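Note that the structure is a prediction, hence the values are computed from the model and not measured.
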Amino acid sequence: MTQHSRDTPQFYLTAPSPCPYLPGRHERKVFTHLVGDKAGDLNDLLTHGGFRRSQSIAYRPACDQCRACVSVRVIANEFRPSRNFKKVLARNADIVGEQRSAVPTSEQYSVFRAYLDKRHRHGGMADMTVLDYAMMVEDSHVETRIIEYRKRGVDTGITGRGEELIAVALTDVLSDGLSMVYSFFEPSQQSRSLGTFMILDHISRARRLGLPYVYLGYWIEGSKKMDYKGRFLPQQRLAPSGWLRVDASGEMLAEPQD
C-alpha cells in the first residue's frame, strides 16, 4: 500500500436495500473508513458534509431520486427550551450524567439489550451480542466518549455518581460540536422521555464546552422515527447550498450559514 492510498480516503457505494425509514423506498449509502492518525480530522470534515460515523466507518445517504435524509445540527448557544422541553428537564431532575471513556460494560449492555428488545426487535441491530456492542463502543479512531445517565443516590452530592443506570449516549467530540452517535435507555423508564432529555443535556454540555453545535444525524420529515429532531430549534439543516438556518419559529432562512 502506498503512502497516497493510506492518506487519501477511498469511497464506496452500497447496493440498494429497503429503506428503514420510508416504506416502499430503497436506500444506498456512500462510505469510507476512518482509520489512522488523521481519522479525527477526516471525521470532522465529513461530519460537516453530512456524514455520520458508525464504528470505523463514515457514511451518508446516496439514494437515487430521494433527498429525504437531511443532516441537522442544533445551535447550542441560541437554544432555549420550550415549555414541553422544560417539563422533560423537570421530570429528570433526579438524573445525573457522567462522562466516561468509551469503554463498554455489562451494565450498559443490559440496558442496550432491553432497549433493542422493546423498541427495535425487527431492526438491523436486533441480533447484536455483547461482543457486537463492545465493538460499537470501542471501534473508534476519533475522540469518543460515553455518557452514562443514572438516578441520583443519597451520596451523589458527595461522589458525583448516581446509582441505577437508565440511559447511555455514545458521543464524538468534534472541533465545533458534539455528535450524538447512538443513544439508548431503559424502556421501563419511557415516561421520562429520556431520548429528548439526552439531547437537551448534550446541548447544555456543548454550551459549557464552548462548542457551537450538537449534531443529531438525519432529520426525515414524515418519518415517525426521525421527525422529532426537527423540534430542537434554532438549528441548521444541510442543503446543497450549505447549512441553512431554521429559526425558533420553524422558518428556514435562505442564506447559507458558516
Closest heavy-atom contact between Val214 and Ala206? CG2-CB, 3.7 Å
May I have the step-by-step check of side-chain contact (heavy atoms from CB on, under 4.5 Å) for Val88 and Asn92, ending in yes or no? CA-CA 6 Å; Val88 172; Asn92 292 283; 3.8 Å; yes
Do you know which two heavy atoms are closest between Pro18 and Glu27, and how far apart they sit? O-CG, 4.2 Å
Check whether any side-chain heavy atom of Met198 sits under 4.5 Å from a side-chain heavy atom of Met180, and report yes or no. yes
Does the side chain of Arg52 pick up a donor-acceptor pair with the side chain of Ser179 at under 3.5 Å? yes
For Glu221, the side chain to side chain donor-acceptor pair (under 3.5 Å) test, sequence neighbours excluded, returns none
Any side-chain heavy atom of Val111 sitting closer than 4.5 Å to one from Phe184? yes
Counting C-beta onward and ignoring hydrogens, is there a side-chain heavy-atom pair between Phe197 and Phe185 closer than 4.5 Å? no
Do Tyr12 and Val30 sit in the same hydrophobic cluster, where Ile, Leu, Val, Met, Phe, Trp and Tyr count as joined when their side-chain heavy atoms come under 4.5 Å apart? no
Check: Gly50 main-chain N/O paired with Arg60 side-chain donor or acceptor under 3.5 Å: no
Mind checking what makes side-chain contact (heavy atoms from CB on, under 4.5 Å) contact with Leu209, not counting sequence neighbours? Leu178, Leu211
Hits for side-chain contact (heavy atoms from CB on, under 4.5 Å) against Leu22, two or more places apart or cross-chain, chain-then-number order -> Cys19, Arg25, Ala68, Ile220, Ser223
Give, for atom CZ of Arg245 and atom CD of Gln235, the distance between the pair rounded to the nearest 0.5 Å. 10.5 Å
Test item: His141 and Asp139 side chains (from C-beta on) under 4.5 Å apart, heavy atoms: yes
For the residue pair Gln189 and Lys151, establish whether any side-chain heavy-atom pair is separated by less than 4.5 Å. yes
Hphob cluster co-occupancy, Leu131 + Met135, side-chain heavy atoms under 4.5 angstrom: no
Which residues pass the salt bridge (Lys or Arg N to Asp or Glu O under 4.0 Å) test with Asp94, sequence neighbours left out? Arg192
Under the rule for side-chain contact (heavy atoms from CB on, under 4.5 Å), what residues qualify as partners of Val181, not counting sequence neighbours? Arg53, Leu170, Asp172
With a 6.0 Å cut-off on ring centres, are Phe31 and Phe11 close enough? no
Contact list for residues 193-204, test salt bridge (charged side-chain N to carboxylate O under 4.0 Å, His left out), sequence neighbours left out: Asp201-Arg205
Indicate if Ile57 and Val35 have the same hydrophobic cluster label, given that clusters are the connected sets of ILVMFWY residues with side-chain heavy-atom separations under 4.5 angstrom. no
I'd like to know whether Leu34 forms a side-chain contact (heavy atoms from CB on, under 4.5 Å) with Leu42, so could you lay out the CA-CA distance, the side-chain angles of the two residues, the decisive distance to 0.1 Å, and finally the verdict. CA-CA 7 Å; Leu34 294 170; Leu42 180 59; 3.8 Å; yes
Say you draw a straight line from CE of Met136 to OG of Ser54; how long is it, rounded to the nearest 0.5 Å? 8.5 Å
Hey, are His26 and Ser17 close enough side-chain-wise for a donor-acceptor pair under 3.5 Å? no
Could you give the distance from OG (Ser106) to CZ (Arg113), rounded to the nearest 0.5 Å? 14.5 Å
Looking at residues at least two apart in the chain, or sitting in another chain, which of them share a salt bridge (Lys or Arg N to Asp or Glu O under 4.0 Å) with Glu186? none
Can you tell if the side chain of Ile199 reaches within under 4.5 Å of the side chain of Ile203, non-hydrogen atoms only? yes
Taking atom types as modelled, find out whether Arg91 and Ser193 have a side-chain donor-acceptor pair closer than 3.5 angstrom. yes
Side-chain donor-acceptor pair present, Arg73, Gln236, cut-off under 3.5 Å: yes
For Tyr215 and Asp176, which I'm curious about, is there any donor-acceptor pair between the side chains at under 3.5 Å? yes
Considering all heavy atoms of both residues, which atom of Cys69 and which atom of Pro61 are nearest to each other, and what is their separation? CB-CG, 3.7 Å
side-chain hydrogen bond (donor to acceptor under 3.5 Å, both in side chains) with Ser175: which of Asp44, Thr47, Asn43? Asp44
Which residues pass the side chain to side chain donor-acceptor pair (under 3.5 Å) test with Arg119, not counting sequence neighbours? none
Please examine the side chains of Tyr218 and Ser71, heavy atoms only from C-beta on, and report whether any two atoms are closer than 4.5 Å. yes
Around Glu138, counting heavy atoms of other residues, nucleotides and ligands shown, do more than 12 lie under 6.0 Å from its CD? yes
Output every pair passing ring pair (Phe, Tyr, Trp, His ring centres under 6.0 Å) with a member in residues 66-97, not counting sequence neighbours, ordered by first then second residue. Phe79-Phe85, Phe85-Phe232
For Gln10, does its backbone N or O pair with a side-chain atom of Thr32 as donor and acceptor, under 3.5 Å? yes
Spacing of Thr105 atom OG1 and Ile146 atom CD1 [to the nearest 0.5 Å]: 8.0 Å
Does Thr14 use its side chain to pair, donor to acceptor, with the backbone of Lys29 at less than 3.5 Å? yes
Establish whether Val246 and Met226 are linked, either directly or via other cluster members, by ILVMFWY side-chain heavy-atom contacts under 4.5 Å. no
Check Leu194 against Ile166 and note the closest heavy-atom contact, atom names and distance. CD1-O, 3.9 Å
Set of residues satisfying side chain to side chain donor-acceptor pair (under 3.5 Å) with respect to Asp227, sequence neighbours excluded: Trp219
Identified side chain to side chain contact (heavy atoms under 4.5 Å, CB included) counterpart of Ile147 within the set His202, Glu98, Arg100: His202
To the nearest 0.5 Å, atom CZ of Phe112 lies from atom CG of Asp117 at 10.0 Å
Take Val137 and Val103 through the side-chain contact (heavy atoms from CB on, under 4.5 Å) test and state the conclusion after the steps. CA-CA 7 Å; Val137 174; Val103 176; 5.9 Å; no
Results of side-chain contact (heavy atoms from CB on, under 4.5 Å) for Asp64 - residues two or more places apart only: Arg28
Please check if Leu116 and Leu165 belong to a single hydrophobic cluster, counting links between Ile, Leu, Val, Met, Phe, Trp and Tyr side chain heavy atoms closer than 4.5 Å. yes
Can you label the angle between the Tyr115 ring and the Tyr182 ring as parallel, tilted or perpendicular, going by 30° and 60°? perpendicular
Looking at Arg80 and Glu78, is there a salt bridge between them, counting it only when a charged N and a carboxylate O are closer than 4.0 Å? no
Can you tell if the side chain of Trp243 reaches within under 4.5 Å of the side chain of Arg237, non-hydrogen atoms only? no
Listed partners of Arg150 passing side chain to side chain donor-acceptor pair (under 3.5 Å), at least two apart: Glu107, Glu148
Show, in sequence, the C-alpha distance, side-chain angles and deciding distance for Leu89 and Leu200, and conclude whether the side-chain contact (heavy atoms from CB on, under 4.5 Å) test is met. CA-CA 8 Å; Leu89 291 171; Leu200 296 173; 3.8 Å; yes
